[in-house]
Amino acid sequence: MKRRTFMAAPPAIALGAAASTPLSALAAPAVLTPDTRLLPRHAKGPRIVVCGGGWGGLTAARYLRQWVPNADVVVLERNPTFWSGPMSNKWLVDIVNTDFVHHDMSHAANKYGYRLIQTEVSGFDRAKRIVRTAHGQLDYDYLILAGGIRDNFEGWLGEDREAIAYTSQRFNSAYIPNARMLALKSRVKNFKRGTLVMTLPPPPHRCPPSPYERACLIAWHIKKNKIPGKIVILDPKPKIGPIGEGYRQAFEELYPEIITHVPNAGVKSLDPYKKRIVTAAGEYDFDEAILMPQHQAADMVWHAGLIGKTEQGKPTGWADMDPRFYTARSDDRVYFVGDLMGAISPQFGYYPKSGHVANAIGKIVARNISERVAGKEVVARLPDNLCYMMVNGDPQEEIAVKFEYEVDKASGHVHQTQVDIDVRTTEMVKEDFAWIKGRFDDFLF
Ligand SMILES: Cc1cc2nc3c(=O)[nH]c(=O)nc-3n(C[C@H](O)[C@H](O)[C@H](O)COP(=O)(O)OP(=O)(O)OC[C@H]3O[C@@H](n4cnc5c(N)ncnc54)[C@H](O)[C@@H]3O)c2cc1C
């Protein structure tokens with residue numbers, strides 16, 4: 001075995017229900033390589049491999065076990081524990097503690113009876129229905145891609161790998177769940193004076209209202225601790241949105257000395273070492289920054305060769321999928337769940353890339369697969385969306401946005417209705433905490 005292969009592959013940790021793997025399955029080679037066959041089958045039903053154990057993947061796994069009881073459901077997840085994006089802005093400024101956003105995943109695997117393996121998904125052989133991981137291969141009957149997003153720093157920094165690594169390490173926005181969330185929290189705590197710049201990506205991006213929530217809560221922390229600091233939000237959009245009016249009022253009424261929102265400020269270039277950023281709306285020097293480049297579908301969709309193309313033949317950056325059934329257009333054994341999903345409708349483009357939608361689609365895809373396995377007609381189903389955003393820490397006050405979807409009979413396209421709730425209230429805080437409890441109870445606890 002090549003030394004590099006060995007070095008690249010930390011031990012695979014089989015968590016949760018994998019503990020009940022029969023002894024025959026343990027007769028595997030002593031050292032795992034990317035060519036090792038992982039987890040021989042022991043269920044009579046189909047094997048469904050879920051790549052990514054976040055909001056969407058864990059929901060799909062839970063409901064697949066419920067609705068396709070004879071299926072062998074395997075979740076492949078690179079992180080050892082679950083970090084939630086929702087509520088993480090509140091955690092950054094100590095409104096909720098770490099136990100609120102950080103959870104053990106093996107509990108849900110044991111409770112619902114799917115197998116959870118900590119490993120990196122590295123590629124696919126779709127013709128043979130095989131997933132490749134850092135620790136071996138798995139075959140599948142149905143594949144669910146639920147890997148969330150990736151940061152496209154190349155869009156700013158080209159092929160300068162050193163500058164990309166430096167920017168990603170030093171100014172990461174922690175919009176992808178991992179230990180960078182901890183690093184961001186200590187950067188916020190260590191911000192003692194000067195200008196903090198936040199860049200927003202161009203749409204579509206993960207949880208559209210949440211960067212503004214983050215700005216409000218860091219501004220609240222700055223105000224509370226009398227830190228001589230300012231926040232400059234560099235927004236590529238012409239105006240704030242969603243919940244634009246609610247955020248505008250929060251910026252002006254609660255943080256007039258702290259937050260400056262700059263519209264039409266798409267990033268043109270960045271010098272992370274000199275801490276300077278050039279945008280379409282001017283140049284900015286910063287002391288600290290939370291830099292969010294363009295978001296794209298996670299690497300796994302690119303590895304699977306399932307990224308959509310524009311009419312000009314360029315990659316859309318998101319999965320190429322049937323908007324009614326969430327399957328890949330070129331391979332109906334592959335389903336997409338969560339933020340990596342592609343365009344849905346000419347009216348609004350993409351579903352909001354939210355935990356609420358990932359949870360809803362996880363359930364819908366599990367239902368669709370159950371109908372398919374049972375030989376029934378698969379019914380097209382639509383999600384809804386709901387996002388609560390805290391804008392004030394004392395008193396705690398929130399605003400919200402709701403989205404509803406229906407199929408427009410005339411055009412056959414999905415139609416979106418958006419309702420912004422711009423008036424900040426303490427009641428909405430209660431609704432938010434009830435919402436997150438409901439979601440976590442659904443797929444995690
Ligand atoms: C600050 C912030 C606030 C937010 N607030 C809200 C909110 O209030 N309401 C709301 O609904 N949404 C909110 N969101 C959005 C929400 O977090 C995401 O929309 C949701 O997590 C999407 O679910 P997902 O399953 O697609 O992706 P994720 O939850 O990110 O899960 C993807 C999983 O795939 C794993 N993975 C990726 N690639 C690989 C690989 N190659 N091998 C193995 N594993 C892999 C990742 O480690 C991850 O665990 C917020 C997000 C952030 C960052």
Side-chain angles (χ1 to χ4, degrees), residues 12 49-61 75-92 101 103 105 116-124 131-135 144-151 172-181 184-185 198 204-215 217-218 243 290 292 295 297-304 318-319 336-341 350-362 365 383-390 398-403 432-433 435-436 438-439 443-444:
V49 175
V50 182
C51 299
W55 274 70
L58 294 185
T59 306
V75 176
L76 307 174
E77 167 57 46
R78 60 157 72 111
N79 288 338
T81 49
F82 176 89
W83 282 94
S84 175
M87 296 286 166
S88 67
N89 284 333
K90 300 181 187 72
W91 166 80
L92 276 183
V101 287
H103 299 284
M105 292 183 284
L116 178 61
I117 303 181
Q118 189 194 346
T119 191
E120 177 77 20
V121 173
S122 53
F124 306 89
V131 183
R132 296 189 202 289
T133 79
H135 299 93
I144 296 181
L145 299 187
I149 57 160
R150 73 178 190 185
D151 282 328
N172 201 288
S173 65
Y175 258 57
I176 296 174
N178 56 35
R180 292 221 167 92
M181 290 170 79
L184 175 60
K185 183 158 176 153
M198 288 179 62
H205 64 83
R206 174 163 274 186
C207 196
S210 64
Y212 306 112
E213 176 192 56
R214 183 179 279 181
L217 290 179
I218 297 178
I243 344 177
I290 298 176
M292 225 184 285
H295 289 166
D299 284 335
M300 59 177 69
V301 187
W302 302 78
H303 293 327
W318 305 100
F336 299 109
V337 169
D339 287 1
L340 49 67
M341 296 194 304
Y350 297 75
Y351 284 138
K353 299 191 177 295
S354 74
H356 190 100
V357 169
N359 173 248
I361 301 281
V365 161
D384 64 334
N385 188 46
L386 178 58
C387 282
Y388 295 97
M389 295 285 132
M390 189 173 277
E398 299 202 4
I399 55 181
V401 58
K402 289 181 188 185
F403 294 88
D432 187 10
F433 279 82
W435 171 82
I436 192 85
R439 297 308 102 186
F443 69 88
L444 208 51

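One-based numbering, in listed order, for ligands and for the atoms of each.
- The aromatic rings of W435 and H356 sit parallel to each other, their planes meeting at less than 30°, with 60° as the upper class boundary.
- Side-chain contact between F124 and L145 is present, with heavy atoms from C-beta onward closer than 4.5 Å.
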Is there any protein N/O under 3.5 Å from an N/O of ligand 1, and what does the full list of such pairs look like?
{"unit_1": "ligand 1", "atom_1": "11 (O)", "unit_2": "G355", "atom_2": "N", "d": "2.9"}
{"unit_1": "ligand 1", "atom_1": "11 (O)", "unit_2": "H356", "atom_2": "N", "d": "2.9"}
{"unit_1": "ligand 1", "atom_1": "12 (N)", "unit_2": "G355", "atom_2": "N", "d": "2.9"}
{"unit_1": "ligand 1", "atom_1": "19 (O)", "unit_2": "D339", "atom_2": "OD1", "d": "3.0"}
{"unit_1": "ligand 1", "atom_1": "19 (O)", "unit_2": "D339", "atom_2": "OD2", "d": "3.0"}
{"unit_1": "ligand 1", "atom_1": "19 (O)", "unit_2": "K353", "atom_2": "O", "d": "3.1"}
{"unit_1": "ligand 1", "atom_1": "19 (O)", "unit_2": "S354", "atom_2": "N", "d": "3.4"}
{"unit_1": "ligand 1", "atom_1": "19 (O)", "unit_2": "S354", "atom_2": "O", "d": "3.4"}
{"unit_1": "ligand 1", "atom_1": "19 (O)", "unit_2": "G355", "atom_2": "N", "d": "3.0"}
{"unit_1": "ligand 1", "atom_1": "25 (O)", "unit_2": "W55", "atom_2": "N", "d": "3.4"}
{"unit_1": "ligand 1", "atom_1": "25 (O)", "unit_2": "G56", "atom_2": "N", "d": "2.8"}
{"unit_1": "ligand 1", "atom_1": "26 (O)", "unit_2": "D339", "atom_2": "N", "d": "2.9"}
{"unit_1": "ligand 1", "atom_1": "27 (O)", "unit_2": "R206", "atom_2": "NH2", "d": "3.1"}
{"unit_1": "ligand 1", "atom_1": "29 (O)", "unit_2": "W55", "atom_2": "N", "d": "3.2"}
{"unit_1": "ligand 1", "atom_1": "30 (O)", "unit_2": "R206", "atom_2": "NH1", "d": "3.3"}
{"unit_1": "ligand 1", "atom_1": "30 (O)", "unit_2": "R206", "atom_2": "NH2", "d": "2.9"}
{"unit_1": "ligand 1", "atom_1": "38 (N)", "unit_2": "R78", "atom_2": "NH2", "d": "3.4"}
{"unit_1": "ligand 1", "atom_1": "41 (N)", "unit_2": "E120", "atom_2": "OE2", "d": "3.1"}
{"unit_1": "ligand 1", "atom_1": "41 (N)", "unit_2": "V121", "atom_2": "O", "d": "3.1"}
{"unit_1": "ligand 1", "atom_1": "42 (N)", "unit_2": "V121", "atom_2": "N", "d": "2.8"}
{"unit_1": "ligand 1", "atom_1": "44 (N)", "unit_2": "R78", "atom_2": "N", "d": "3.1"}
{"unit_1": "ligand 1", "atom_1": "47 (O)", "unit_2": "E77", "atom_2": "OE2", "d": "2.7"}
{"unit_1": "ligand 1", "atom_1": "47 (O)", "unit_2": "N79", "atom_2": "ND2", "d": "3.4"}
{"unit_1": "ligand 1", "atom_1": "49 (O)", "unit_2": "E77", "atom_2": "OE1", "d": "2.7"}
{"unit_1": "ligand 1", "atom_1": "49 (O)", "unit_2": "E77", "atom_2": "OE2", "d": "3.1"}

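- Within the 4.5 Å cutoff, the side chain of Y175 has heavy atoms near those of the P211 side chain.
- For the atom pair CG (D384) and OH (Y351), the distance works out to 10.0 Å, reported to the nearest 0.5 Å.
- A search for salt bridge (charged side-chain N to carboxylate O under 4.0 Å, His left out) contacts involving K353 returns nothing, not counting sequence neighbours.
- A salt bridge links D432 to K90: at least one charged side-chain nitrogen sits closer than 4.0 Å to a carboxylate oxygen.
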